[in-house]
Enquirer: 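Structure provided below as structure tokens; questions to follow.
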Amino acid sequence: MAAEKQSAGADKTQERRTEGAAPTGWRAHRREITFVVLFLLLLAGSFTLLSWSPVNDGFVVPFTAGVAKVSGWALDLIGQDVQMSGTIIRSPRFAVNIENGCNGVETMLIFLAAVIAFPAPWSARLTGAVLGVVAIQLVNLVRVVALFLTGAYFPDFFDASHTVVWQTVVILFGVLLWIFWADRFARPRRAEAA
Amino acid sequence: MPRKKKPSTTRPAEPRGLRFGVFLRNLLLALVPVVLVWMFLTPFLDNFLRVAGESLVHLTESPDVTRLLPAAADRHYAQVQRLDFPPARRNVSNFRVTDVHFPFVLLGILFLAVPEVPWRQRLSRLGWAALALLLFDVVLVLFWVKFIYATQLGAWSLEHYGAFARNFWGLGKHVLDLPIKLALPFALWVGFYLDRLLPGRGESAAG
């Protein structure tokens, strides 16, 4: 009987140890929940901040004008006869106004929020953030140029291309970039972690 | 007397790491089938979101005066009608419903691309995530309609919506329709697969 009690006590201790090692219920998902909540809060917070008039006028509008200017140069480079006027790119065939949503800022915010929310070393986060933002802007440049050419030569496809195809492509690129960063650069190497 | 051990309630351990090359290959392989399935489902999704969105809008108004109908020129658009307006002004605005639900493509390819997941588990996770995205889309339709009412109808908007309500529906639609709509497939994917990217429990992430 005493041996049984001892054995039961040992079992309970073992169970407690097991619980300590592998949490159950919502605690088992604590890291996922923390990441998703932090990510969505950062995303909604930063986007709300950028929508505030002083920030929009002082940062987003000049940034969007810069995106339009670089896109105009790129179109000029490939032989399109374009003229710039603020955020408007105009050619004899087509004109487009680069607005919020076309400047790659949403994808940048999604990427940056995910980088900040991920439990990685700060040096890895900083490197990832800088390189990621540059890469996203390069892909966004390709998007604006491609959309302009679509509008000029295949106008029937412009609407679907603008809202569905290229938005998916740019967001997917940002997501893949984050997954690549998190998988390859943000996790400690096994040898270091051991 | 030996006691029966309780079956473990902990999750089976996920394989660590994602094998990015395989993930990318799977993603490209999944792209065309997922787009085709989405295109096939688009009329049903358009219809469901119009009907469910209209029902949700009715919860915020009395009597029920809002109708969301397929636009005559393009059935992918929802025509927003108010039955309490004179017939000539009933069609107050419209929006493209496919723009609301196209993130299903992103959701599908992300969930189908993860390597080393049994198909049953993969499809079950995709199903739960798709349900969450569909519910979000219905809420987004509500925000679209309320945004139109609160900010796009000139004097009528000013008369029926105060400053707080106009800002709430305007900012809410803006935040939900751009960053949250685009990021939600990724957030749902992370909810199921973050464990593959994080250091194992007990490993340190500090560098």
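Quantities reported herein were computed from a predicted structural model and do not represent experimental measurements. Chain letters run A, B, ... following the sequence lines, proteins first and then strands; every chain starts at 1.
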Enquirer: Could you look at A/Val164 and say if it's the side chain, the backbone, both or neither that has a heavy atom under 4.5 Å from chain B?
Expert: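 Backbone plus side chain of A/Val164, per the 4.5 Å heavy-atom cut-off to chain B.
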Enquirer: How about A/Gln83: does its CD atom have over 12 heavy atoms from other parts shown lying under 6.0 Å from it?
Expert: no
Enquirer: Using the side-chain contact (heavy atoms from CB on, under 4.5 Å) rule, take A/Phe35 and B/Leu197 through it: C-alpha gap first, then chi angles, then the decisive distance, then the call.
Expert: CA-CA 12 Å; A/Phe35 176 88; B/Leu197 297 169; over 6 Å; no
Enquirer: Do B/Leu27 and A/Leu176 pass the side-chain contact (heavy atoms from CB on, under 4.5 Å) test, and can you show the C-alpha distance, the side-chain angles, and the key distance before you say yes or no?
Expert: CA-CA 10 Å; B/Leu27 193 132; A/Leu176 287 176; 3.8 Å; yes
Enquirer: Kindly check if the number of other-residue, nucleotide or ligand heavy atoms within 6.0 Å of CZ (A/Phe157) is above 12?
Expert: no
Enquirer: Where does A/Ala124 contact chain B at under 4.5 Å (heavy atoms): side chain, backbone, both or neither?
Expert: neither
Enquirer: Select one option (side chain, backbone, both, neither) describing which atoms of A/Phe39 are under 4.5 Å from chain B's heavy atoms.
Expert: side chain
Enquirer: Can you confirm whether B/Ile109 sits close enough to A/Leu172 that some side-chain heavy atom of one is under 4.5 Å from a side-chain heavy atom of the other?
Expert: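 They are in contact (side-chain heavy atoms under 4.5 Å apart), so the answer is yes.
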Enquirer: Taking it one step at a time, do A/Glu32 and B/Val190 satisfy side-chain contact (heavy atoms from CB on, under 4.5 Å)?
Expert: CA-CA 7 Å; A/Glu32 286 86 346; B/Val190 161; 5.9 Å; no
Enquirer: I need the B/Leu194 CG to A/Ile33 CD1 distance, nearest 0.5 Å.
Expert: 11.0 Å
Enquirer: Would a 4.5 Å heavy-atom cut-off, applied to side chains only, mark A/Val165 and B/Phe102 as touching?
Expert: no
Enquirer: Tell me, yes or no, whether the heavy-atom count around B/Trp156 atom CH2, taken from other residues, nucleotides or ligands under 6.0 Å, exceeds 12.
Expert: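 Above 12, so yes.
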Enquirer: Where does A/Ile110 contact chain B at under 4.5 Å (heavy atoms): side chain, backbone, both or neither?
Expert: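 Side chain only.
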Enquirer: Any chance CZ of B/Arg122 has more than 12 other-residue heavy atoms, nucleotides or ligands included, within less than 6.0 Å?
Expert: yes
Enquirer: Out of B/Leu106, B/Thr98, B/Leu24, which one racks up the most heavy-atom pairs below 4.5 Å with chain A?
Expert: B/Leu106
Enquirer: Say you draw a straight line from CZ of B/Arg96 to CG of A/Asp159; how long is it, rounded to the nearest 0.5 Å?
Expert: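 With rounding to 0.5 Å, CZ (B/Arg96) is 5.5 Å from CG (A/Asp159).
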Enquirer: Measuring heavy-atom distances to chain B, does A/Trp122 have an atom under 4.5 Å in its side chain, in its backbone, in both, or in neither?
Expert: neither
Enquirer: Do any of residues 159-189 of chain B come closer than 4.5 Å to chain A, heavy atom to heavy atom, and if so which ones, in number order?
Expert: B/Leu171, B/His174, B/Val175, B/Leu178, B/Pro179, B/Ile180, B/Leu182, B/Ala183, B/Phe186, B/Ala187, B/Trp189
Enquirer: Using salt bridge (charged side-chain N to carboxylate O under 4.0 Å, His left out) as the criterion, list what pairs up with B/Asp46, not counting sequence neighbours.
Expert: none
Enquirer: Does B/Arg75, at its CZ atom, have more than 12 non-hydrogen atoms belonging to other residues, nucleotides or ligands within less than 6.0 Å?
Expert: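 No, not enclosed.
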Enquirer: Could you look at A/Ser123 and say if it's the side chain, the backbone, both or neither that has a heavy atom under 4.5 Å from chain B?
Expert: neither
